Amino acid sequence: MMTTVGGTPDSDGSTAGLADVYATHYAVLVGLARLLLDERGLAEEVVQEAFARTYAAWPRLRTPDDPLPYVRRAVVNLARGGLRRRMVARRAVGPRAAAAPSAESGALAGERRREVAAAVRALPRRQRECVVLRYFLDCSTAETADALGVSEGTVKQHLHRALGTLAVALGEDADEDAGRDVEEKA
Amino acid sequence: MTTDELLRDALRTDAERDPAPAPAAAGWDGVRTRGAQIRRRRRGAQGAVALVSILAVAAGVLALAGTFAGGGGGTRRGVVATPPGGVSDQIVVDRGDRIEVISATDGHVLRTLVSGIDSNPGGVSVTPDGTAVVYTRKSPAPRCGTELVEQPLDGGAERVIVGHSWNPLVSPDGQWVAYVTDDSCESGRPSAGAFLGLTGLRTGLNYRPYEQELGDHPAKLDLLAWSPDSTRLVYDEQRSFPDGSDQKTFEFSEPPLAKGAAQQEITVAGPVGGAAFLSDDRLVVSRGNGRRYEVLVTDFVSGRALRSRYAADGPTPSALALDPSGRRLLVTEPDGTLLVQEGVSDPRPIAHGAHGAAWLPAAKSTASSLTTPAVVGLSQADATQILTQLGFSVTILYTPGPTSVDANRVVSQQSIAPGSSVPPGTVVAITVGPIAVNASP
């Protein structure tokens with residue numbers, strides 16, 4: 001006697017909403033994964049897998065009308081695994097040499113952006129996640145906490161530490177404006 | 001430009017170095033295909049549980065049939081057997097200096113398997129067929145900590161599986177034992193971290209799926225649970241970050257048996273202690289703040305809490321174990337109290353002084369007089385006996401060799417006439433259709 005358990009997501013409920021999210025948020029989620037992983041190919045794999053897992057989990061999704069937070073959280077969780085592998089690979093090959101700046105990218109603004117991006121990449125993982133979710137995705141404190149599975153207080157704490165670390169790394173005194181959004185968007 | 005603005009600008013520029021293409025239709029098709037594949041895998045695990053449920057119903061029917069066959073009165077006849085790897089009412093407990101089998105009902109000691117050992121840091125696991133226990137004991141070589149030993153439950157000779165290891169966890173398919181180890185034995189120096197190790201229980205093949213230290217300190221790595229299909233392993237790692245914070249996270253590998261395979265990390269909010277897999281990618285986890293803890297069911301994909309099983313005062317338990325039905329939960333609290341929770345009932349303490357514990361699956365099918373409906377899973381001999389005793393047709397599912405109750409592995413499904421013998425092989429399930437309920441012997 002064989003028993004069939006469950007069915008395809010489409011038989012349990014339309015996944016059109018997820019397809020819409022895929023169409024509209026794919027690129028920005030790849031951007032999120034890339035900032036967490038610093039590798040484009042892996043970022044795309046992570047986002048694709050996150051959508052696949054959300055699709056598989058569709059019948060038991062508590063908020064099928066708004067799957068984006070679930071997908072976002074899956075991306076963050078999957079990116080952590082990818083990050084671990086990359087860290088191991090980096091440990092094996094040593095730190096990468098900085099790419100020589102091109103004439104165009106030698107512009108001061110571009111240089112400054114690169115410094116900031118590099119400083120963010122050097123942050124501890126959790127702080128980096130908070131910064132990327134907040135400043136790249138413009139997530140609120142609550143959304144960031146939901147994506148990371150931590151409390152809002154923890155998010156604020158990590159952001160505060162991250163901004164302090166960034167200020168030191170960038171050779172600045174802590175900017176009075178830095179973190180203003182932390183309060184404003186909370 | 002403020003730092004906030006600079007951060008936004010820098011991150012967006014960095015993310016758009018080579019912009020991600022708009023997703024193609026084929027990409028969504030890929031999502032659907034992969035998603036369906038994941039669901040099929042989950043369905044396989046759920047199917048096993050569903051089959052167990054069916055078998056429980058079948059056992060009840062057999063009980064009824066047994067009563068019929070006995071002609072009523074106070075004596076119930078019939079044959080009920082617990083399947084190899086199925087539910088039993090016994091628990092194996094690591095007491096620190098001995099390994100005991102106790103009753104899951106009231107905790108009384110049924111027998112002592114091993115005594116006179118030092119199991120610290122400990123850990124005990126049972127093979128899925130219930131024939132042997134794998135435990136930790138102090139190694140003869142002082143520097144090399146503990147070793148893993150396999151002790152057959154029938155009193156056979158022990159054997160050392162692997163040296164300098166602890167926290168054993170036998171995979172549900174019985175092929176592997178996973179454990180924690182480090183380099184201090186080989187190098188003679190304290191190790192900076194810990195490694196996840198795997199040894200084939202039958203092949204003796206040793207390897208580390210990840211050539212990396214997982215914990216930031218020795219022994220800061222705990223193996224928590226295998227997935228029911230033996231392809232994933234959840235472990236708990238404590239990592240120290242440059243900012244001084246410590247974080248404990250769950251990670252799992254998929255599959256852990258392939259070097260370099262995808263490894264993913266799932267974080268469950270809060271200080272998490274133990275975990276146990278349900279059949280459908282949900283995890284039962286314990287988490288707390290040192291003074292009070294909660295046992296929760298969580299979604300494994302997102303790490304999101306779904307519902308609470310119970311909450312209690314005290315430090316967070318680091319060891320949880322579910323019985324094969326997924327209904328009974330075994331909790332080892334840090335003070336050594338052993339709790340059993342059935343369904344959503346309040347957990348009840350059954351023993352103290354436990355360093356670790358595991359459910360003991362039934363080692364073999366044993367015919368006995370029927371007292372309560374039970375899951376049925378039968379050996380060839382038992383099935384033949386049923387067919388001889390009962391005067392009606394039954395459906396038998398069987399496999400060509402020893403296996404677990406797993407709907408995906410049933411290779412044949414047949415109705416077999418009364419009195420006939422069962423084909424060679426281990427029968428894993430016997431079901432009785434509606435006709436049996438009304439059948440007269």
Side-chain angles (χ1 to χ4, degrees), chain A residues 1-3 5-6 8-9 19 22-23 26-27 30-32 34-35 40 44 48-49 51-58 60 70 73-74 77-78 80-81 84-85 88 112-114 116-117 120 124-127 131-132 135-136 148-151 161 163 165-167 172 175 177-181, chain B residues 2-4 6-16 18-23 27-28 30-39 42-43 46-47 50-51 54 210-212 241-243 245 247 249 251 262-269 281 299 301-304 395 397 407 410 413 431 433:
Chain A
M1 184 183 298
M2 296 291 100
T3 304
V5 181
T8 65
Y22 185 78
Y26 175 83
V30 169
L32 166 67
R34 179 174 176 164
L35 287 170
R40 167 66 175 280
E44 291 184 17
Q48 191 78 0
E49 181 69 7
F51 272 102
R53 285 172 186 255
T54 308
Y55 183 91
W58 191 258
R60 56 190 165 88
Y70 192 97
R73 194 163 180 174
N77 276 332
L78 291 167
R80 285 177 186 156
R84 163 59 57 80
R85 290 198 301 280
V88 172
R112 187 66 173 157
R113 285 194 200 102
R114 273 197 304 278
V116 173
V120 170
R125 188 199 66 194
R126 187 73 88 181
Q127 291 180 20
V131 166
V132 169
Y135 291 100
F136 176 66
L148 298 178
V150 298
S151 70
R161 285 178 180 165
L163 293 172
T165 305
L166 288 173
E172 294 176 350
D175 187 331
D177 292 325
R180 176 176 287 173
D181 282 3
Chain B
T2 67
T3 300
D4 287 344
L6 184 60
L7 270 170
R8 281 199 183 84
D9 185 44
L11 291 174
R12 285 172 186 163
T13 304
D14 194 41
E16 292 164 3
D18 22 83
W28 176 245
V31 167
R32 289 166 54 94
T33 305
R34 170 72 179 139
Q37 183 187 16
I38 295 168
R39 276 187 63 81
R42 286 188 192 145
R43 198 179 301 158
Q46 287 176 328
L51 185 57
I54 291 166
Y210 308 111
E211 292 293 343
Q212 55 181 311
F241 287 88
D243 61 7
S245 65
Q247 288 177 359
T249 55
E251 300 203 9
Q263 181 186 3
Q264 296 169 19
E265 177 180 306
I266 297 295
T267 300
V268 179
D281 267 1
D299 180 299
V301 178
S302 68
R304 192 187 301 271
T395 302
L397 311 177
V410 171
Q413 176 180 342
T431 65

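The structure displayed is predicted, hence computed values, not measured ones. Throughout, protein chains are lettered first and strands after them, A, B, ... in sequence-line order, and every chain is numbered starting at 1. We use all heavy atoms of the structure for the numbers below, so side chains are in, but hydrogens, waters and symmetry mates are not.
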Side chain to side chain contact (heavy atoms under 4.5 Å, CB included) partners of A/A117, counting only residues at least two apart: A/R121, B/D14

Atom pair CG/OH of B/L6 and A/Y135 - distance to nearest 0.5 Å: 11.0 Å

A/F136 vs B/R8 side-chain heavy atoms within contact, under 4.5 Å: no

Approximate separation, where rounding is to 0.5 Å, of B/L11 CG and A/R113 CZ: 11.5 Å

Test item: B/R34 and A/Q48 side chains (from C-beta on) under 4.5 Å apart, heavy atoms: no

Mutual orientation of the aromatic rings belonging to B/W28 and A/Y55 [parallel < 30°, tilted 30-60°, perpendicular > 60°]: perpendicular

Heavy-atom side-chain contact between A/T54 and B/V31 under 4.5 Å: no

Choice from A/L32, A/T165, A/V132, A/V116 maximising heavy atom contacts with chain B below 4.5 Å: A/V116

